[in-house]
Amino acid sequence: MSKRGGKSGLSRREFLRMGVTAPASVALGGSVLGELAALGAESGGKTDVWVLHGKDKKKLMDKCLEVIGKNGGFGDKAEKLALKVNAAWNRTPQQGANTNPELVAAFLAGCKKAGIGEVVIAENPCNPAEQTFPRSGILAVAKKHGVKMINLRSDAKNFRKVKIPGGKKLKAAEVGKQFLDADVVVNMPVAKHHGSAKVTMAMKNWMGSVKDRRFWHRNDLHQCIADFSTFMKPRWTIIDATRIMLDRGPKGPTKNMKTPDLLVVSRDQVAADAWTALLFHKDPYKIRYLAIARDMKIGTTDLKDMAVHKIEVG
Amino acid sequence: MPRGRSRLRAAARWAVRLLLLAAAVAFALGGPLPVWLARLFPSTSALAALAGGLAARRWHLGLLWAMPPLALAALAFWRGRVFCKWICPAGTLYSLPARLSLKKRVLKPRLGGYLFWAILAASLFGAPVLLFLDPLSTFNRLTVPLRAGFSAAWLVLGLLLPAMLVLGAVQPMVWCSHLCPLGYWFELCRRARGWLSRRRSPAPGATAGHDRTRREIVVGLALGLPLGALARFLALTKSSPARAPVLPPGASDPASFAAACSRCYACLNACPRGVIRVSSPVDRAPGQFFQPELDPAHGFCDEFCNRCSQVCASGALAPLSVDEKRARQIGVARVVREACLAWADGEYCMVCEEYCPYHAISPSEDQKGVPRPVVDEKLCRGCGLCQHECPATRAGKAIIVHGVERQRQLDVELWHFEKPAESGRSPDPAPRT
């Protein structure tokens with residue numbers, strides 16, 4: 001444990017070393033060299049995954065937005081953006097059950113700069129919204145930036161039924177219409193331990209966009225998580241791994257926390273999940289929905305097929 | 001101009017009464033109002049305060065909450081039934097149709113005094129069984145359908161006030177003049193003043209009031225003592241229900257709660273999660289008739305809420321701080337393995353564990369690594385969130401909360417939000433979604 005990184009934090013040196021000590025299959029190549037290499041990297045048909053490390057949440061997100069801007073941005077006609085955070089639990093930012101509000105704040109500020117006309121945050125929370133929205137800290141930053149935070153459960157009309165042609169178990173779902181009608185969708189989950197899913201990151205975060213989660217639990221949860229990812233493909237996925245719960249998830253609180261200080265960014269949420277899973281388990285396929293995603297070829301799960309760009313944000 | 005003045009006075013009185021009636025409805029419904037307002041009207045009843053205190057054998061009112069009944073008793077000492085004529089929201093309702101009434105006397109004897117003494121006598125046995133006749137409790141009950149919808153269980157006690165309104169159309173204000181035990185209390189205070197003044201200057205016929213009061217006390221005791229003993233026995237009668245009742249936090253043991261509760265349902269109205277309901281008498285001891293209970297089919301007991309315990313006027317629920325509530329075991333969840341998605345069907349579920357605010361559920365993995373829920377009864381508070389969220393449908397809910405023999409404070413460590421100010425006070429969650 002380095003002195004700089006604190007008790008459970010990840011120092012710059014450790015962060016860079018992760019590439020060396022990770023399984024041999026992890027192709028890191030020149031990306032370890034830092035930002036320049038990262039941003040200009042020849043991906044060679046591989047899936048880009050950016051891994052940003054730093055203590056300062058605002059700088060982290062600013063760098064993330066820079067990466068996004070240089071890699072296609074939010075698309076040409078991005079007027080309306082729907083953001084899926086995790087604001088499901090009646091817990092505080094430090095407890096790591098919800099997406100870090102500082103990241104959300106910096107993201108919303110960046111959206112304005114990028115010329116997005118309207119951002120909407122929609123969520124079907126687990127605990128009552130009037131508790132989770134303020135306690136997560138996200139309601140305050142949304143208000144500050146003039147962004148509407150919608151409790152999907154407040155009105156049945158918020159949901160629209162869609163078919164999921166690629167689904168095996170989940171063949172249809174009622175989904176928050178904000179995510180269906182937006183020009184661009186961004187997924188910004190928090191990574192944390194989860195009782196039944198083992199780890200929850202980007203793919204599982206979409207459970208907070210549908211009306212009937214219970215169906216998923218009754219009909220092979222892991223398969224349903226994978227099925228929904230065949231349908232819902234956000235333009236960008238930004239996984240908050242600034243602080244992660246290692247047990248007692250998804251609600252916490254737990255004393256068993258780590259502060260990796262990472263953002264994991266990709267156009268492919270499956271790849272982002274597969275990389276982030278390494279923070280929790282040596283073998284990401286122990287998380288069944290990732291194994292299913294691999295078998296169904298929903299996205300990149302194998303680290304060999306990823307171009308991982310590590311960026312130190314100082 | 002005495003006539004003009006009396007008219008003005010009547011108009012002023014009606015303005016005050018209607019205003020207080022509107023306030024009583026608003027306070028009973030609560031909503032975004034501070035929770036103590038819900039207790040304001042029911043707690044003015046000296047009857048509930050006395051009977052509740054006698055029944056629980058402890059004085060449950062703090063100095064502040066003892067003030068309204070004391071002040072009203074003092075007022076009655078000088079001015080008689082001022083409360084009835086100016087404040088009581090039930091009295092206001094009863095006097096609305098008084099002028100249109102048929103004005104026939106169908107009920108001749110005044111029974112309020114017998115009822116008053118019977119209730120107090122019964123409370124000596126810890127079972128003020130007729131306390132639901134308290135007019136403020138009766139009035140408070142009226143608002144329940146607005147919060148929880150109509151239910152058959154509510155109808156029985158809930159229709160007391162409408163029934164008295166109908167009776168009032170025959171004999172004007174029959175409840176207030178002939179039946180009300182609280183009205184009798186004010187009458188008694190007034191009589192006490194009469195006795196004191198007559199002692200100083202004895203007048204002929206001064207003992208008539210004494211005789212009447214003595215009769216009321218004797219008959220009241222003769223009715224109340226066996227009634228209380230019977231009610232206590234019936235409340236204690238061990239029925240073996242399929243599911244022991246889960247009582248609102250602050251109740252002690254089921255028998256004491258059943259006996260002391262005035263069925264005003266202020267706790268039900270105060271609950272932001274809609275989990276407190278009027279219970280069905282099926283599968284309950286007779287003494288537990290229509291008591292408020294938690295039914296997780298409708299909601300759950302919120303981790304950071306103590307509102308129900310704060311509004312109880314009869315002392316059936318002891319007031320708890322939010323932290324005391326969080327550590328209080330009001331029930332215990334039990335997994336129904338045959339119905340459980342994990343235990344019976346091998347699904348990855350664990351929704352109960354996911355939602356449990358107290359980490360009282362932990363996984364036990366099968367050979368394939370599918371986690372199955374196990375409840376730690378030393379940590380479970382019985383809040384019912386697991387039951388409420390359980391997604392199982394094939395054979396009903398797979399986790400059910402059962403009541404405990406006696407609620408107790410668990411020796412557990414609590415975590416806190418950054419603002420320590422919340423530890424002692426209710427965060428006043430908004431009305432349920």
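Below, chain A is the first sequence line, B the second, and so on; all start at residue 1.
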Backbone N/O of A392(B) and side chain of R214(A): donor-acceptor pair under 3.5 Å: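 Such a contact is absent between R214(A) side chain and A392(B) backbone.
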
R288(A)/E347(B) under salt bridge (charged side-chain N to carboxylate O under 4.0 Å, His left out): CA gap, chis, key distance, verdict: CA-CA 12 Å; R288(A) 247 186 82 234; E347(B) 293 284 354; over 6 Å; no

Step-by-step side chain to side chain contact (heavy atoms under 4.5 Å, CB included) determination, W415(B) to Q95(A): CA-CA 11 Å; W415(B) 60 272; Q95(A) 291 168 335; 3.1 Å; yes

For residues 350-365 of chain B, please give each side-chain donor-acceptor pair under 3.5 Å, one per line with the distance, not counting sequence neighbours.
| unit_1 | atom_1 | unit_2 | atom_2 | d |
| --- | --- | --- | --- | --- |
| E354(B) | OE1 | H194(A) | NE2 | 3.4 |
| H359(B) | NE2 | G252(A) | O | 3.0 |
| S364(B) | OG | R372(B) | NH2 | 3.4 |

Heavy-atom closest pair, residues [X] and [Y]:
X       : Y       : answer
P371(B) : G195(A) : CG-O, 3.8 Å
Y348(B) : S196(A) : CD2-O, 3.5 Å
P391(B) : R218(A) : O-NH1, 2.6 Å

Contact class of K255(A) relative to chain B, heavy atoms under 4.5 angstrom: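 Only the side chain of K255(A) comes within 4.5 Å of chain B.
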
N-O pairing of K251(A) and E389(B) below 4.0 Å: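 Salt bridge: no.
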
Under-4.0 Å salt bridge between E303(B) and R91(A):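 Between R91(A) and E303(B) there is a salt bridge, with a charged N closer than 4.0 Å to a carboxylate O.
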
Spacing of D345(B) atom CG and D220(A) atom CG [to the nearest 0.5 Å]: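 Nearest 0.5 Å value for the CG-CG distance: 12.0 Å.
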
D155(A), CG: over 12 other non-hydrogen atoms inside 6.0 angstrom: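 Above 12, so yes.
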
Could you go through residues 28-36 of chain B and list every donor-acceptor pair under 3.5 Å that involves a side-chain atom there, pairing it with any protein atom two or more places apart or in another chain?
none

